[in-house]
Structure formats: C-alpha cells, structure tokens
Enquirer: 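The structure is given below, and queries will be raised subsequently.
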There are 2 protein chains.
Amino acid sequence: MLELRHLRTISALHETGSVSRAARRVHLTQSALSHQIRVLQAYYGLPMIQRRGQSIELTDAGRQLAALAGKVLEEIQETERDIARLSQQACGSLRIVLECHTCFDWLMPLMDAFRRNWPEVELDLVSGFHADPLKLLEDGSADVVIGSEHGSRRDIVHHPLFRFEILAVLAPEHPLGAKRSLHAADFADTTLITYPVPEDRIDLISKVLKPAGIRLPRRTAELTVAILQLVASRRGIAALPSWGLKNYVEHDYVIARRIGTSGLWSDLYASTPSKTSTCPYMRDFLSTARSTCFATLEGIVPLK
Amino acid sequence: MLELRHLRTISALHETGSVSRAARRVHLTQSALSHQIRVLQAYYGLPMIQRRGQSIELTDAGRQLAALAGKVLEEIQETERDIARLSQQACGSLRIVLECHTCFDWLMPLMDAFRRNWPEVELDLVSGFHADPLKLLEDGSADVVIGSEHGSRRDIVHHPLFRFEILAVLAPEHPLGAKRSLHAADFADTTLITYPVPEDRIDLISKVLKPAGIRLPRRTAELTVAILQLVASRRGIAALPSWGLKNYVEHDYVIARRIGTSGLWSDLYASTPSKTSTCPYMRDFLSTARSTCFATLEGIVPLK
DNA sequence: AAAAAACTATGAATATCATTCATAGCCATG
DNA sequence: CATGGCTATGAATGATATTCATAGTTTTTT
C-alpha cells in the first residue's frame, strides 16, 4: 500500500534524476530506494523509472506519482503549519547568522517565502562579523548559523545543508585560464580578492595556500558583484562557490577553473541550539532551505 | 514523521467517532490506533482527540489532519485510477450479481460513481435468480457476487463488506408492536412478505422460524417499497435490513422491531474470483463500496 | 446498586517489513 | 582496460508498527 515515504522518494527521484542522489536527499541508502521502487512497481504492475544510460527517468506512471507527490507534500506542509499555529509554536524568532557571504544569493528568496508562511515569527539577519558565531546561539542572541561545522558543541545541532565546490575566478584572458585546474603554486604572484573576513575563514587560503606555504596579498569587497568586478578588471583572482558563477561565466564576464585535481569542496550546515531545532517553524525553515537550494543551486551535492 | 497510515486512521476516527470502530474499519486493533494517535500527539505536541464520554471527538488539530486526509486520500485514489489506465488494466468487465435485493439501495449510487471513474469498464447487473451465484464467477459469466459467504471455494475470495441487522417490519398498530423484540413464536399465524427467493435465502426463516419448527404462508414482492406497502396494508410481516427502514419508520408508515434478544444479524460479502480480486478497478470498487456504505448506511458494523 | 458490556490507554512481547550490508553487473570516461 | 560512477538484488539486520494482556472509565442493564 502506498505510503508517504514512497511519495517522498519519487519526488526526490524526479528532482535528481538518479537513484543514488535521491537516496542522499532523503537520507537513505541507494539500496533502500531501489527496494522501494521495486515495491511500487509490483504494486502498480508498471515500471516507475527507466534507465537512461547513466541516470534515470521517470516513466509515465512515475510522473503521475511525482505530480501527486508534489501536490500532497505541499498540502501536508501547509497543514503542519496550521497545526503549529494552533499549538502556539508558530511565533518566536529566527535570527540568522551568515558565516558565508555568498549564501545571501539563495537566502533572500527563502526568507521571503518564510515570511509569508510564518508571519508571526520575527525574522532577522544578524549583521556584522563574528569571530565565534556559535557563541551567539549559546547567548541566545541568534537562532541559526549558516556556515561550516566547527566541531560538536553541547546543546548545538548541526543540520547538514549541502556540499558545494569553490572555483577560482579569473579574468577572461587571464594566462592561467589555459589550465583546466589550478594548484597552489599557480596562485603565486597574484592578489586574492575576498570578502572582508579573517584568513582562516577562506577555504582557499586555509586548505590550499597555507598548507603549501604560500602567502598572497589580499583585497576585499563586501558584495559578490564587487568581487567579480575586481576580477574582471584584472585586479586579482577570487574563489567563489560554483553556483553563483554560472551567469557571469556564460556571458564571458569571467572564467572559472577547478582548484586542485578533484576540486575544492566545502560543506554547509545550519546550526541551531538543540532546543529549538525541533520547533515547527525551524523544521520548516530547514526543510525548505534544503529543498529550494537543491532546486535552484546547480552543482551542489547532498551531504552525509 | 507523518505517514499515510496516520491519515487513514484519522479519517476513520473522524467518520466513526470512536477508536475501536475506526480500528475495525482500517482492519487494525484498537490498541494499534491508540498508539498511532499517541505518536501523532507527540509529533505535533497537541492532542488529536478528546474523550466525549462514550465516544471521542477530534480536536482542532485533529480536524486539520482529517481535512488533509480527505483531500489527500481522494487525490491518491484519482492518481491510482490514472495509473491503472496507463497499465491498461482499466478496462474489463464488472458484472455484479446481487444475492440480496435490498442492496439495490446503496448499489445504485455506487454504480453511478464507478461508471464515471472507470468509463472503460463494462458495468452490468446480472439479472434473474441464481441457485448458485458463485458458480457464475467460476463460469466467467459474472465478476462479483454481493451476498453472504457460503463457505470457501477454491479460487474465490470473499471480501467482507459489513454486518447489518434484520428487523421485523410491522404495520403501525400491529399488536406485536407492543413488544420490544419479537421471537419465533410471535410470528405464528401471520403471513411473511418477502422477496421472491427460496426460503433458505431468507434469514428469518432459515435462522429463526425453521429451527423453531414454524412454517408460515408467504407472499412475495420484487421491490422493497412494494413489500412495505403490503406490510402497511396489514397483509403480513416482513424482515428487512435496518438501514433502509429509517425513513419509513420516522414517518410512521411502518414500525420496526428487533428479532430475538440480541437481534438477527447478517454478514455481507463481495465475492470475486481470486484472479480479478487484485485488479485496480476491482480494488477501487470494493474500497469505495465499503466507504460509501459506512458513510450512508446507518446501523451497520464493520466485519471481521 | 451491582453487574455487565461497552469503550480507551498503556507497557511488554511479537511480528512485520523497511533499511542496510555485501555484492555483482552495467555504463561511462580517461 | 582499468577506474569510478551508477543500479539491482538476496540475505541479514534493525526499527517500529502491531498485537497481546490488562487495568481504568463510562454507559447500560438487571
């Protein structure tokens, strides 16, 4: 008999186009999904997916279920919001600390949606730089930190968001553009253009350059567009998450290259006090954060 | 995490207003539902039901879920019909044999709905009297028999529908109306008004009168209203399922009395060849038959 | 009043069945 | 042709839904 878990996986299959990716999305093994699919096919007497070489495709029947899943899961979310409202757990605060400037890109539309769904929740961005953002959670002066994990502290839960690749960004005719991927040595004698944060917060420095003993002059800018401006004007090289670069690369405004042979990857988490991590609007925030990120951000990978 | 099973039980709770009745509806024990409800309450942090003396009532939160369940389960049924259509299992025949005349009452609207949902299925009522209706299934000249169980035959599945009470129907001023319940001896010296079927198909005769050694003159009529006419005109006593009597009793057209101390009850099954019992439109027919019966027929009880 | 017959709640035992593990086959790509 | 990605599948495992056994309530019956 059909269960919501089936709809959740069908939905993930639909969005990812691959069993293993879908499995990571719903926090199960690939095997589990494969068995689920089998059950569905046996139940309805029809294949739900079709192998398309590397990836898979939903069949007509699968798409019917995916459409159903979309509708149903949406309706469930709405109802759960209503119930949260009934339980008077729909008000409170969601003060967000961003460790990573680029996250503005996807956070803004998310916050808009959230504000619509939870009008009673006081939504805020905590501004300024913070040496120890998780401290803000302990203080009670913030509710979520979006950033990397930073070891386990008591009473704080790290919710995995996704893994993304950091690419080197160069001016279009930059000589290094000839290489497919850049290594630490390639960066010598250039200026690094970064957000105005300490060095240890910049993965390119802490994970690549520093281990190789390379120190570079830095220049900072607050906004992503400003950084790209500087790169395009040949003031130096930047390292930015792949997802925000697509448009600029397609317009030949800048070019992007892999860092190291397998790329420089970084993991993003949403950290919350364990107490509030189960409250309805927080759950909703986290789940819609994940789903909108995976839906809109290209090249990111489920975590854990 | 919410699952469809929860929605199915919430829906049953909503319709029956009692945990144990709901449990029988969804073919689980009362304990199972009680645990499910507990899980839901823990998950949402709110009670879902409230004891109202004997029976229970849904809380606001429970009603939210019930509303969701209604919508979602309906949508699922639609999608499953679409998928059945895709699998080309949406055409075939549904030729219904009625062992019990009164069932026309609820079968007609059901057939209308079914015809809308499964236009490609050839829907028919097999008319005439049949000494051995299950034979028709084996012949392949019918697809469902609605009637009592008749022992287990191979390759035939009996799907329980419901248990109903058969009441004695009397003219308003009939002297027997003074008694709360009628026993075999009370029927002596009356005429029995029945459908035109053999004696062994009439429960009042086979289960009550014959064991008591009482034989009565009979008079028959095809239609329920005709039988009621005759009863009202004091031509005799009839025995009919309780559900169809309500209107006539309320208008004092006839009166109805229990037969025996605990009542005369009869079980209704839908029997199908085991082969076709899992085909999509048959499953749909059976499930909507059950749900519409329980929704519209008063005084019936889930079976098994 | 007392007894019987409904009903519901709950902890412990059980059974079911979803998930993982281990593995093999398949398809791309360098 | 080897390597790394993917998927499918049977057997083992683990989680957890369901039942069992039981006690507490409320309603109905005598």
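Every value quoted in this text rests on a predicted model; they were computed, and no experiment measured them. Letters go in sequence order (proteins before strands), and every chain restarts at 1.
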Enquirer: Could you check B:Arg21 against A:Gln36 and say which one's nearest nucleotide on DNA chain C is further toward the 5' end?
Expert: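 That would be B:Arg21.
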Enquirer: Nearest to the side chain of A:Ser34, which nucleotide is it out of D:dT9, C:dG11, D:dT18?
Expert: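 The closest nucleotide is D:dT9.
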Enquirer: Rounding to an integer number of Å, can you tell me how far A:Leu28 CG sits from D:dA15 P?
Expert: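 So the CG-P distance, A:Leu28 to D:dA15, works out to 14 Å.
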Enquirer: Is any NZ, NE, NH1 or NH2 atom of the basic residue among B:Arg8 and A:Glu3 found under 4.0 Å from an Asp or Glu carboxylate oxygen of the other?
Expert: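 Yes, this pair counts.
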Enquirer: Hey, are A:Glu15 and A:Arg21 close enough for a salt bridge, meaning a charged N less than 4.0 Å from a carboxylate O?
Expert: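 Salt bridge between A:Glu15 and A:Arg21, a charged N being under 4.0 Å from a carboxylate O: no.
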Enquirer: Which listed nucleotide (D:dC6, C:dT8, C:dA22) is nearest to the side chain of A:Arg24?
Expert: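 Minimum distance to the A:Arg24 side chain belongs to D:dC6.
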Enquirer: Could you walk me through whether B:Glu57 and B:Arg51 pass the salt bridge (Lys or Arg N to Asp or Glu O under 4.0 Å) check?
Expert: CA-CA 6 Å; B:Glu57 209 176 40; B:Arg51 301 209 44 171; over 6 Å; no
Enquirer: B:His6 has an atom NE2; how far is it from atom P of D:dA17, in whole Å?
Expert: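 My rounded result for the distance is 6 Å.
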Enquirer: To the nearest Å, how far apart are B:Gln30 CD and D:dC20 C1'?
Expert: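 So the two atoms are 12 Å apart, to the nearest Å.
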Enquirer: For A:His35 and for A:Arg180, locate the closest nucleotide of DNA chain C by heavy-atom distance; then report the residue assigned to the nucleotide nearer the 5' terminus.
Expert: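 The residue mapped nearer the 5' terminus is A:His35.
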Enquirer: Let me know the distance between CD of A:Gln41 and P of D:dA8, rounded to the nearest Å.
Expert: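 A:Gln41 atom CD is separated from D:dA8 atom P by 8 Å.
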Enquirer: Whole angstroms only, please: what is the CZ-P distance between B:Arg52 and D:dT26?
Expert: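 For the pair B:Arg52 CZ and D:dT26 P, the rounded distance is 14 Å.
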Enquirer: Would you state whether a donor and an acceptor, one from the side chain of B:Ser31 and one from the base of C:dT8, lie under 3.5 Å apart?
Expert: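 For B:Ser31, whose side chain was compared with the base of C:dT8, there is no donor-acceptor pair (under 3.5 Å).
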Enquirer: C:dT19 P sits how many Å from A:Arg8 CZ, rounded?
Expert: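 Interatomic distance, CZ of A:Arg8 to P of C:dT19: 11 Å.
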Enquirer: Do any side-chain nitrogens or oxygens of B:Ser18 fall under 4.0 Å of OP1 or OP2 in C:dT8?
Expert: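 For C:dT8, OP1/OP2 do have a side-chain N/O of B:Ser18 under 4.0 Å.
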Enquirer: Would you say D:dT9 has OP1 or OP2 under 4.0 Å from some side-chain N or O of A:Arg38?
Expert: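 Indeed, a polar side-chain atom of A:Arg38 lies that close.
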Enquirer: Within the structure provided, determine whether A:Leu176 and A:Phe187 are in side-chain contact (heavy-atom separation under 4.5 Å).
Expert: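 No, every pair of side-chain atoms sits at 4.5 Å or beyond.
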Enquirer: Give the rounded distance in Å between these two atoms: CG of B:Leu13 and P of C:dC7.
Expert: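 B:Leu13 atom CG is separated from C:dC7 atom P by 14 Å.
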Enquirer: Please work out if A:Ser20 contacts a base, only the sugar-phosphate, or nothing of the nucleic acid, heavy-atom cut-off 4.0 Å.
Expert: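 If one applies the 4.0 Å heavy-atom cut-off, A:Ser20 turns out to touch the sugar-phosphate alone, with no base involved.
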Enquirer: For A:Ser55, which contact category applies under a 4.0 Å heavy-atom criterion: base, sugar-phosphate, or nothing?
Expert: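 Nothing: the residue A:Ser55, judged by heavy atoms under 4.0 Å, touches no strand.
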Enquirer: Using whole Å, report how far CD of A:Gln50 lies from P of D:dA8.
Expert: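 The answer, rounded to whole Å, is 12 Å.
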Enquirer: Is there a side-chain contact between A:Thr9 and A:Val19, using heavy atoms and a 4.5 Å cut-off?
Expert: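 Result no, sub-4.5 Å side-chain heavy-atom pair not found.
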